[in-house]
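Any value given below was found using the heavy atoms of this structure, including those in side chains, with hydrogens, waters and symmetry copies removed. Below, chains carry the letters A, B, ... as their sequence lines are ordered, and counting in each starts from 1.
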Amino acid sequence: MDDPRTLEHLLVTRMVRFNATVQGVVTGLVLGLIVFVATIWLVIKSGPVVGPHLALLGQYFIGYRVTALGSVIGFVWGFVVGFALGFFLTTTYNWLTDPRHRTARRP
Amino acid sequence: MTEANRKVVIIGGGPAGLTAGRELIKFGHRPTVLEKTERVGGLSCTVRYKGFYFDMGGHRFFTKVDEVNKIWQEVLGGEFLRRPRMSRIFYNNRFFHYPLKPLNALAGLGICQAILVVLSYLRWQIRPHKHEDTFEQWVTNRFGYRLFSIFFKTYTEKVWGIPCSELRAEWAAQRIKGLSLKTVLLSMFLKPQRTIKTLIEEFDYPRLGPGMMWQAVAGEIEEKGGRVRLGEDVVRVYRTGNRIDSVVVARDGREEMLPATHFLSSMPVSELILKLSPPPPASVLAAARHLTYRDFLTVCLIVRKRDLFPDNWIYVHSAQVQVGRIQNFANWSPDMVPDPSKSSLGLEYFCTEGDALWNTPDARLIELAARELETVGLATRADIEDGCVFRVPKAYPVYDASYAEYMATVRAFVDGLENLQTIGRNGLHRYNNQDHAMLTGLLAVRNLVLGEHNDLWSVNTEAEYHEEITEKTLTPTLQEYFPRIDGVALAGATGAAGGLALFLATILLVLKGGAVVGPTLGLLGQYFPGYTVSPSGALLGLLYGVVAGGALGWTFALLRNTVLLLYVAIVRRRVELGLLRRFLEFV
């Protein structure tokens, strides 16, 4: 455990850092896909009123509707918002953990 | 120095020395290999008696070192047999599958013993030894004392001749890959399970035993201009300062001096030190004298029955007999037994050169072996047709409590000799298998001819040398993924994101206005008391978002870190159980 080369040592002493861009892209893709699939699913199911609740996203995503075209627009919005969220989260995390980790290492 | 005037003498005609000789031939040299005994192969030799072939120790041919495998295939190729592997443990008058199978082991032990094994395991998991200095402590901490005493203690003590409480834990650490958790994880992720399974269930073996390989290599060296001189004992090694000038070999009472420019030595490093002239400093001589070895003798028996038992070999743990391992050579290769109506067995007794067992006359050893074979229940004394005894000195370098300190002194001196490299198991005083002994020979030649700087002392068991490269490559990746998530930092980040998101979502709807502002978002008030879609609600939402988001982030980090630690612990435990199953192969 005292050997800094061992993984056990790594597990208890080191804090993980994330790459903000990578996390942003991943979160963006995930959120974009969720919006896309949720939308297209309702479009395929169809019915007298298609996706009245999901359509509320249009309040925030300009141009978004529960239609085939809307699913693509929703993907783009989802990606943008997801990227912003992921990037912000990661940057904040790294920003907060860096000084904490440095402090913890002081004798 | 040009290649033309480079003259190389190799001391020792075992796997390391002969591999080095073969490699030197490839580079255009004509080395001289000096072998003390009358047969090549060193610890991997095969002896012949009345047409029966006996392998001294039982050597499976499998390796993770591609270069070694290539040599095997180049030399013997079609002479290899792919053999099924079966081995068992004889303990308390019962046979246990080996590698251990949990249900078979528990059934064999009986319900009471099995319960005690489990209780002992739990006891040592709860309160393990604080220090793992000895082999006994190391195994007990992992498997419990009772399991240790059943499956490890007696056999290990038979092999090493010292109590497990005196055997260094370092020995286990060097012998068993998997102590480094990183290596464990790498092996879990990188090695196909199929390969491991294959290695356990079958192996390659030369038709007439491992000696066939080394006779072929020796023949190759001689054919291409090198020399393999048998029965030539190196009695002195002359040096001037840090350079070796020549060696003196003795045969039939005559001595001959062989000068050379370079020397490779696989003779026991302690003997090498003691044969140097002028002798090295007293501290080095003293250290060399403290390096010890374990030896063994094989009682070869020809039995008038076929198919005595299905195993390639049996580990004998029972303390009621002295034999440590029993080889059944027909199951290694049918070609080793000239008469298919008979069997040839090798009963291996671990001892120390000069002790009572070592000095016992052959006839009495054969009698002892026949009696013990009957005790184990594998054959009756009346079935024994004939027998002979072969003694193998310095088979195992001993890792006792003080060896590391003495070895460091010896190594420091040997490393200072400019034109000498030590190779092989005994040359390096390391418990290397045949393939790694060969690798040390290969690398020594590359150091000599190509000027490479391979560290021969690092060539260790189970391809650690080979895997180091992979570890180095993957370390940054592992470091990226396995450290903990900082819970407070993640809570801060998710809190900030959550608060900001709720604030923006609220304020956006407020700014848009309308007859009814944000009826759906307003439902959050069900969970966040006082929250409304209004300017003041946006501020309250910011606060709620920070708290809820923070709690979520902190919980996520806690769960992720806990699961990761549990996962690593489970992986480690699984690998340790795997070690337990295959443990004896490392003894």
Side-chain angles (χ1 to χ4, degrees), chain A residues 1-24 26-28 31 51-62 64 66 77-78 80-105, chain B residues 132 179-186 471-472 474-475 478-501 504-509 511-512 514 517-521 523 533 549-550 552-553 556-557 560-562 564-569 571-572:
Chain A
M1 185 67 78
D2 294 332
D3 184 351
R5 291 166 303 178
T6 63
L7 197 59
E8 293 95 323
H9 187 271
L10 202 72
L11 282 172
V12 294
T13 59
R14 295 280 294 273
M15 293 297 170
V16 74
R17 303 291 193 284
F18 297 106
N19 181 305
T21 308
V22 170
Q23 292 295 327
V26 169
T27 317
L31 199 60
H53 295 103
L54 195 61
L56 290 172
L57 273 180
Q59 299 270 356
Y60 302 103
F61 297 169
I62 297 162
Y64 174 77
V66 186
W77 271 112
V80 171
V81 172
F83 181 87
L85 187 69
F87 192 88
F88 175 78
L89 263 174
T90 309
T91 310
T92 313
Y93 170 85
N94 288 342
W95 180 68
L96 285 172
T97 201
D98 276 340
R100 276 170 46 75
H101 194 49
R102 273 200 295 274
T103 308
R105 276 195 301 192
Chain B
E132 292 184 350
L179 292 182
S180 143
L181 190 52
K182 195 197 288 177
T183 315
V184 170
L185 289 168
L186 283 168
E471 281 202 29
K472 276 178 191 162
L474 284 172
T475 295
L478 285 171
Q479 288 183 344
E480 186 79 19
Y481 290 107
F482 283 99
R484 285 186 302 153
I485 289 179
D486 184 338
V488 175
L490 189 66
T494 50
L500 206 60
L504 286 175
T506 310
I507 210 73
L508 198 69
L509 293 183
L511 290 175
K512 276 177 82 176
V517 180
T520 310
L521 192 62
L523 291 173
V533 183
L552 199 67
F556 175 82
R560 185 266 187 191
N561 291 341
T562 309
L564 183 69
L565 279 169
L566 278 174
Y567 171 69
V568 168
V571 169
R572 189 192 185 110

Item to check | Contacting region of B/Ala491 [heavy-atom separation from chain A under 4.5 Å] | outcome: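 No part of it gets close to chain A.
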Checklist entry - What part of B/Thr494 is in contact with chain A, defined as an atom under 4.5 angstrom from a non-hydrogen atom: side chain, backbone, both or neither? => result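 B/Thr494 touches chain A through backbone and side-chain heavy atoms alike.
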Item to check | Enclosure of A/Tyr60 OH (heavy-atom neighbours >12, cutoff 6.0 Å) | outcome: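 Counting neighbours around OH of A/Tyr60, more than 12 heavy atoms of other residues, nucleotides or ligands fall under 6.0 Å, so yes.
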Next on the checklist: So for atom CG, which belongs to B/Leu511, do other residues, nucleotides or ligands contribute more than 12 heavy atoms lying within a distance under 6.0 Å?
Outcome noted: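 Counting other residues, nucleotides and ligands, CG of B/Leu511 exceeds 12 neighbours.
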Next on the checklist: The criterion is side chain to side chain contact (heavy atoms under 4.5 Å, CB included); which residues satisfy it with B/Ala501, sequence neighbours excluded?
Outcome noted: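 Counting only residues at least two positions away or on another chain, B/Ala501 forms no side chain to side chain contact (heavy atoms under 4.5 Å, CB included).
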Next on the checklist: Between A/Leu89 and chain B, with a heavy-atom cut-off of 4.5 Å, which part of the residue counts as in contact: side chain, backbone, both or neither?
Outcome noted: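 Contact with chain B is through both the backbone and side chain of A/Leu89.
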Item to check | Pairwise distance NE2(A/His53) to OG1(B/Thr520) - rounded to 0.5 angstrom | outcome: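 One gets 7.0 Å once the value is rounded to the nearest 0.5 Å.
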Item to check | Set of side-chain hydrogen bond (donor to acceptor under 3.5 Å, both in side chains) partners for B/Thr506, sequence neighbours left out | outcome: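 Once residues adjacent in sequence are excluded, the partners of B/Thr506 under the side-chain hydrogen bond (donor to acceptor under 3.5 Å, both in side chains) criterion are B/Tyr531.
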Checklist entry - Do A/Tyr93 and B/Ile485 come close enough that some side-chain heavy atom pair is under 4.5 Å? => result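 Yes, side chains in contact.
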Checklist entry - Looking at B/Ala505, B/Gly492, B/Gly518, which makes the most heavy-atom pairs under 4.5 Å with chain A? => result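 Counting heavy-atom pairs under 4.5 Å, the top option is B/Ala505.
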Checklist entry - Nearest heavy-atom pair of B/Leu508 and A/Gln59: which atoms, and what distance? => result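 The pair with the smallest heavy-atom distance is CD2-O, 4.3 Å.
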Checklist entry - Where do B/Ala489 and A/Leu96 come nearest, in terms of heavy atoms and distance? => result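 Where B/Ala489 meets A/Leu96 most closely, the heavy atoms are O-CD1, 3.5 Å.
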